[in-house]
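This is a predicted model, so every value here is computed, not measured. Every chain is numbered from 1 and lettered A, B, ... according to where its sequence line falls, protein lines coming before strand lines.
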Amino acid sequence: MTSNQEGVLKESGKSRGPQCGPGSFLILYETGILALAAALTIGLAAGGDDRLARSTPFLLTVLGIWGLFDLLGTLFFARSGRRTSVRLIGDLTFCLCLVGWTGGVESFLIPILLACVALASSQLGLRRALFLSTGASLVLVFITVGRIKGWTVTELLGVDSEPSGFGWQTAVQLFGQVIALVAVALLGSRLGGGLRYAERINDLIVGAIAEGIVIVDRYGRIRHVNSIARGMLGFPGAADWRGRSVSDVLRRSEDGQLRTELENPRVGERRVEYRVDRDERVPLRLRTTVAESDMNGARTWIFLMRDLTLEHRVSRAEARLEHLEELEDLALGLAHEIRNPLASIRGGVQELASGRLDEAQSERLARVILRESDRLDRTVSQFMEYSRTKAQETTEPISLAACLEEVREVLVERIDARDIEISLEIEDGLDDSMEGSRDLIHKVFLNLGINAIEAGTRSLMYRMGAGRTSGIQVVVADEGQGMDEETRTRAFNPFFTTKTREGGLGLALVRKIVDGHRGTIEIESEKGTGTRMCVWFPSEAMSENTRPLESLGAQQ
Amino acid sequence: MSQDKPIDVLIADDEESMREFLEIVVGNEGYGVKTVSGGEEALEVLRTEKPRVFIQDLRMGGLDGMELLEKAKEIDPDLPVIVITAY
């Protein structure tokens, strides 16, 4: 904000009366009329016109006072309905006097009269506007006729008599002016009515919306604020804030964050914490949009506020529940993984001890027992690795492309990948930087690769590109056996087993790490056609705005 | 596993070690044993080779254990079935 704008903000913050729009218009118009009256008086006096001497000084004084009151009324009582009608009638009388004084039907001030009627009608209903224009027309006719006939009444009012015949030219002129007055009154009333209707609808909508709304004009003045927004900010019964500046309403030092957002608005969505009082903090989601005026490009800012307290509580409870469910799955899976080999080992040892087996069978059984013991050991190691892995250990800027290249090099060296074509494709000009743990991201893509190799693929492709709307997406595609729907939905569960593979934690670990990096992972697969693992990570710039990452591990 | 003897016992389990263990133990008792790793395969053997006893795991990938039991009983209602599970 420039210093100039700040000055405007302060100044307008002090005068709480007028609004932008019709209010400023009225002031301009009132000032214009008063200036005109002053100019006429001075002009006539300077020109030594004897008309000034003849016209009653009393009349001038009355007009002056009336105009002054008018201006004061506009400045300080603009929002009071009664005051507005009084002021309108005053304006009109004033205008008619000026018109009469400067030549009635031939007056050069007729346009001012028309403007006055239009403005008055815009604030009145249709019937009142017609009544007003009819009244003005009658006065105009009266003045014109009085001028021509040389009536004393009109002379007393300061109207110069010019006795002459009532020609057809004057009649046509008068008729035209009356028609113009009525037309202008109709138009003004119609436009004003439409505007008021739109405003009322607008107020209703703003009032009915369940979110808090604050509308701020380009000078930082509040144009609208609904009761919900006031309630959220801890002013449930506060007076109308319209016309007050943001800095005036949010003046505590604790309001700084919200005040800054409202005074230096940026389109978009932000989270703001607002402190209602010493004990209560409200997390707010602030959505900012801007409406630009067609006329002068003036920007009006609309802020939608949502209290996230409840949502936060619900999501915390949900997370805890989800975590417990995961823990249960993990415990059950672990039990299953231990019991299965244990059953073979126990039975095997029992059978060996019975001494009923011949040597060849004993040897074979011993091998089974050894294999199952190894399996138990692997299970425990895997479990410990899974549990110890924090969702994010150290955060550093990573180049995802370099990471994928490393993974590819490791995979190519594997014996079981000898006949598999492993390729890496990176979209041109992609910003592959992200924030996270290098080792863990490495593990994600290594595990996905091993998984594909174990699914019997002939080719393995890592394809990296920009995410559909944002972030970075890596697709790991294989031509292995694929997964059916059940396998797809349960693939990430800890110790989930397919009949061909030992139940493991590889994919569960992958998901845990991806979750910890605020990413997502999805499986696209069909039985027999291969699998595509789609991993998405937010890019570096995005992750700066996210909340601190929490560990999702089983140790919580 | 191909056996010379006619099949007395069919074992269905997706755990390789359990299959091997049962095969050794049951085979040692002098019975002809065949092992399979899945439900569909087991049904095929039940239909074609008519074993005298069927030992099946309750939890296997693919066909669910209870479903397998029902289908086995449809093929031969008098077939003795032993259901085993690690749970």
Next on the checklist: Surrounding CD of A:Glu322 (heavy atoms of other residues, nucleotides or ligands, distance under 6.0 Å), is the total greater than 12?
Outcome noted: no
Checklist entry - Hey, which of A:Leu357, A:Asp358, A:Ile345 has the most heavy atom pairs under 4.5 Å with chain B? => result A:Leu357
Item to check | Interatomic spacing from CG in B:Asp13 to OG in A:Ser344 - rounded to 0.5 Å | outcome: 8.0 Å
Checklist entry - By a 4.5 Å heavy-atom criterion (distance strictly below it), what part of A:Glu372 contacts chain B: side chain, backbone, both, or neither? => result side chain
Next on the checklist: Quick test of your reading of the model: are A:Arg375 and B:Glu16 salt-bridged, counting only N-O distances below 4.0 Å?
Outcome noted: no
Item to check | B:Glu49 CD: over 12 foreign heavy atoms closer than 6.0 Å | outcome: yes
Item to check | Nearest-0.5 Å distance, CG of residue A:Leu370 to OG of residue B:Ser17 | outcome: 12.5 Å
Checklist entry - Step by step, would you call A:Glu351 with B:Ile24 a side-chain contact (heavy atoms from CB on, under 4.5 Å)? => result CA-CA 9 Å; A:Glu351 202 62 26; B:Ile24 293 168; 5.7 Å; no
Next on the checklist: Within this structure, what is the OG1-CZ distance for the pair B:Thr85 and A:Arg339, rounded to the nearest 0.5 Å?
Outcome noted: 8.5 Å
Next on the checklist: Can you confirm whether A:Glu359 is buried at CD, in the sense that more than 12 heavy atoms of other residues, nucleotides or ligands lie under 6.0 Å from that atom?
Outcome noted: no
Item to check | Interatomic spacing from CG in A:Asn340 to CG in B:Asp57 - rounded to 0.5 Å | outcome: 7.0 Å
Checklist entry - Does B:Glu20 pair with A:Arg371 as a salt bridge, N-O distance under 4.0 Å? => result yes
Item to check | Part of A:Arg356 lying under 4.5 Å from any heavy atom of chain B | outcome: both
Checklist entry - Around A:Glu406, counting heavy atoms of other residues, nucleotides and ligands shown, do more than 12 lie under 6.0 Å from its CD? => result yes
